[in-house]
Amino acid sequence: MSTKIDRISISISPPERFSFKHTVGSHGWSDLPPFSTGESLSELEYTFLDKSGLKAVPAKISIVNGEITVSISENIDDKIFLEKIKRDTAHILRLDEDLSEFYEIVDVEGNLKWISEKYAGRLLRSPTVFEDLIKTICTTNCSWSLTKSMVSNLVRELGVSSNDGAKAFPTASAMASQPESFYRESIRAGYRAPYLVEIAEAVASKKIDPESWLSPDLSTAELKNELKSVKGIGNYAAENMLKLLGRYDGLALDSWLRAQFYKKHNFEETCDDKTIRDFYENFGSWRGLAIWCDMTQRWFEEN
DNA sequence: GCGTCCAGGTCTACC
DNA sequence: GGTAGACCTGGACGC
């Protein structure tokens, strides 16, 4: 067994109200490569890619003496890459997101006061919108284990390797270079295969620019329409993407979320979606974040 | 071992 | 605009 020595350490000051554990464990993304985490949620691993898409470097992100610390076990001379790792980490953990209005609202909604007390509500995301888009496609109409399998296959087959063999998330160009049959046979993506090819080709050829969706210029309705114009992105996937883009108007209801709501608020009886929407109406444009935190509260109680 | 169901849905054709 | 049916995979479950 070898012990790795951290050669580079990057420090980032967290915002005033920030919980590393609640951000890392906010949803399943931390379980999808190139993310990984330990049981305690005190450490997050990610393999970063430089701007050229040719160099990959694995890093461990944790809290050390109150500072967010990115530890890298190899020497990197490229200051631009180090700056990118710092920016990507801030993006992943949503350090720039202001949740104060959301916290004010949950403070007066008794049952959800824990959210502001625990500093929860920051949803972990990937460094790029492209990566989140591909992963979201892989969550549709399948079990979580199949989502993990598809994303793991993608990273293993098409990701750039670091010096010690860790793999980064594949670039749009790498994905666009593969035929539909590859996604069916090697990735086991089934009917999603043509969607993955179409998105990768559109991004690689700059026909669409997912990173531009982070801009606040588009209204949420316009953004949702643009998302739904992407093949494979329906209502659930569009609303899930909107959450990852920091817009929480939609509930992103899927079978799992509905089942959790029935269990927690409807005596395990099914109900229509309108009943669920009405339940979170008071949270206004934060309703999507409110339902997600409400339905995942027990994840943190069990930890 | 085999068949069926279903899971963190979407698309298309048809009415 | 609303709805039925097809679409992939793989784990769980009943037999």
Side-chain angles (χ1 to χ4, degrees), chain A residues 24-33 35 37 123-126 131-157 175 178-202 208 210 221 223-245 247-266 268 270-274 276-277 279-280 287-300 302:
Chain A
V24 172
S26 56
H27 61 130
W29 254 217
S30 59
D31 224 13
L32 297 179
F35 281 117
T37 180
L123 303 182
L124 189 74
R125 59 183 169 183
S126 306
E131 184 176 328
D132 280 340
L133 185 61
I134 297 295
K135 285 176 172 172
T136 296
I137 294 271
C138 293
T139 66
T140 56
N141 196 29
C142 63
S143 60
W144 183 245
S145 63
L146 183 54
T147 296
K148 283 169 74 173
S149 167
M150 285 186 275
V151 174
S152 300
N153 292 342
L154 269 176
V155 171
R156 187 189 65 246
E157 295 290 331
M175 285 186 63
Q178 298 295 331
E180 187 182 315
S181 57
F182 167 82
Y183 291 97
R184 288 186 187 275
E185 292 158 19
S186 298
I187 306 303
R188 313 301 295 164
Y191 71 92
R192 302 166 196 82
Y195 305 154
L196 297 176
V197 173
E198 193 170 322
I199 292 168
E201 286 178 347
I208 62 169
L223 194 49
K224 188 172 179 181
N225 280 338
E226 190 161 340
L227 282 159
K228 288 183 78 169
S229 71
V230 176
K231 271 204 179 156
I233 298 290
N235 199 60
Y236 149 76
E239 291 189 353
N240 187 59
M241 282 300 297
L242 285 173
K243 281 184 184 178
L244 294 170
L245 292 163
R247 304 187 189 221
Y248 307 105
D249 312 51
L251 298 185
L253 290 175
D254 54 26
S255 54
W256 183 84
L257 210 52
R258 288 186 182 96
Q260 297 306 310
F261 180 87
Y262 305 151
K263 200 182 293 182
K264 186 164 184 178
H265 294 302
N266 210 44
E268 306 212 13
T270 58
C271 61
D272 58 18
D273 290 352
K274 185 179 179 306
I276 303 178
R277 279 196 293 273
F279 190 91
Y280 293 98
R287 61 179 82 91
L289 191 54
I291 186 175
W292 185 257
C293 291
D294 192 17
M295 295 302 105
T296 58
Q297 180 181 9
R298 66 184 174 82
W299 290 0
F300 300 101
E302 289 165 2

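Letters go in sequence order (proteins before strands), and every chain restarts at 1.
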Engineer: Between B/dC6 and C/dC8, how many Å separate the two C1' atoms, rounded to a whole number?
Structural biologist: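 About 13 Å, rounded to a whole number of Å.
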Engineer: For a quick check, with a 4.0 angstrom heavy-atom cut-off, what is the B/S/- contact string for nucleotides 7-12 of chain C, read 5' to 3'?
Structural biologist: SBBSS-
Engineer: Answer yes if the side chains of A/Tyr236 and A/Thr136 hold a donor-acceptor pair under 3.5 Å, and no otherwise.
Structural biologist: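 No, no side-chain donor-acceptor contact under 3.5 Å.
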Engineer: Please lay out, stage by stage, how A/Tyr195 and A/Ile233 fare under the test side chain to side chain contact (heavy atoms under 4.5 Å, CB included).
Structural biologist: CA-CA 9 Å; A/Tyr195 305 154; A/Ile233 298 290; over 6 Å; no
Engineer: What distance, rounded to whole Å, do you find between the two C1' atoms, one in B/dC5 and one in C/dC7?
Structural biologist: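 Per the computed distance, 16 Å lies between those C1' atoms.
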Engineer: Determine yes or no for a side-chain-to-main-chain donor-acceptor pair under 3.5 angstrom, with A/Lys243 supplying the side chain and A/Gly250 the backbone.
Structural biologist: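 Not confirmed, A/Lys243 side chain does not pair with A/Gly250 backbone.
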Engineer: Can you spot which of A/Asp272, A/Ile276, A/Thr270, A/Leu251 makes a side-chain contact (heavy atoms from CB on, under 4.5 Å) with A/Arg258?
Structural biologist: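 Among A/Asp272, A/Ile276, A/Thr270, A/Leu251, the one that satisfies the side-chain contact (heavy atoms from CB on, under 4.5 Å) with A/Arg258 is A/Ile276.
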Engineer: Main chain of A/Leu124, side chain of A/Ser26: is a donor-acceptor contact present, judged purely on distance under 3.5 Å?
Structural biologist: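 Side chain of A/Ser26 to backbone of A/Leu124, a donor-acceptor pair under 3.5 Å: yes, one is there.
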Engineer: Write down the atom of A/Phe35, the atom of A/Arg125, and the distance for their closest heavy-atom approach.
Structural biologist: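 So the minimum-distance heavy-atom pair works out to CZ-O, 3.6 Å.
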Engineer: Quick one: closest heavy-atom pair of A/Leu244 and A/His27, and the distance?
Structural biologist: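 Looks like CD2-CE1, 3.8 Å.
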Engineer: What's the verdict on side chain to side chain contact (heavy atoms under 4.5 Å, CB included) for A/Ser152 and A/Val155, showing C-alpha distance, side-chain angles and the deciding distance?
Structural biologist: CA-CA 5 Å; A/Ser152 300; A/Val155 171; over 6 Å; no
Engineer: Where are the stems of DNA chain B, defined as at least 3 consecutive Watson-Crick or wobble G-U pairs with both distances under 3.5 Å?
Structural biologist: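 Listed by first number, the stems are B:1-7 with C:9-15, B:9-15 with C:1-7.
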Engineer: Given the P atoms of C/dA6 and B/dT4, what is the spacing between them in whole Å?
Structural biologist: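 About 15 Å, rounded to a whole number of Å.
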Engineer: Taking 4.0 angstrom as the limit, do A/Lys264 and A/Asp294 come out as a salt bridge?
Structural biologist: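 So A/Lys264 pairs with A/Asp294 through a salt bridge.
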Engineer: Could you tell me from which nucleotide to which nucleotide of DNA chain B, 5' to 3', there is an atom under 4.0 Å from chain A heavy atoms?
Structural biologist: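 In short, chain A contacts DNA chain B from B/dA7 to B/dT12.
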Engineer: Any residue in residues 227-240 of chain A with a heavy atom nearer than 4.0 angstrom to DNA chain C? Just list them by number, or reply none.
Structural biologist: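 Within this stretch, nothing sits under 4.0 Å of the strand.
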Engineer: With P as the reference atom in both, quote the distance from B/dC11 to C/dG10 in angstrom, rounded to an integer.
Structural biologist: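 So the two P atoms sit 22 Å from each other.
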Engineer: With sequence neighbours excluded, tell me which residues meet ring pair (Phe, Tyr, Trp, His ring centres under 6.0 Å) with A/Phe279.
Structural biologist: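 Here the qualifying residues are A/Phe261, A/His265.
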Engineer: Sequence neighbours left out, what passes side-chain contact (heavy atoms from CB on, under 4.5 Å) with A/Asn141? Give chain and number order.
Structural biologist: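 For A/Asn141, the residues satisfying side-chain contact (heavy atoms from CB on, under 4.5 Å) (neighbours in sequence not counted) are A/Tyr191, A/Arg192.
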Engineer: Might you point out which heavy atoms bring A/Ala252 and A/Glu239 nearest each other, and give the distance in Å?
Structural biologist: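 In terms of heavy atoms, the two residues are closest at N-OE1, 2.6 Å.
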Engineer: Any ion pair linking A/Glu131 and A/Lys135 (charged N to carboxylate O, less than 4.0 Å)?
Structural biologist: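 Result for this pair is yes, salt bridge flagged.
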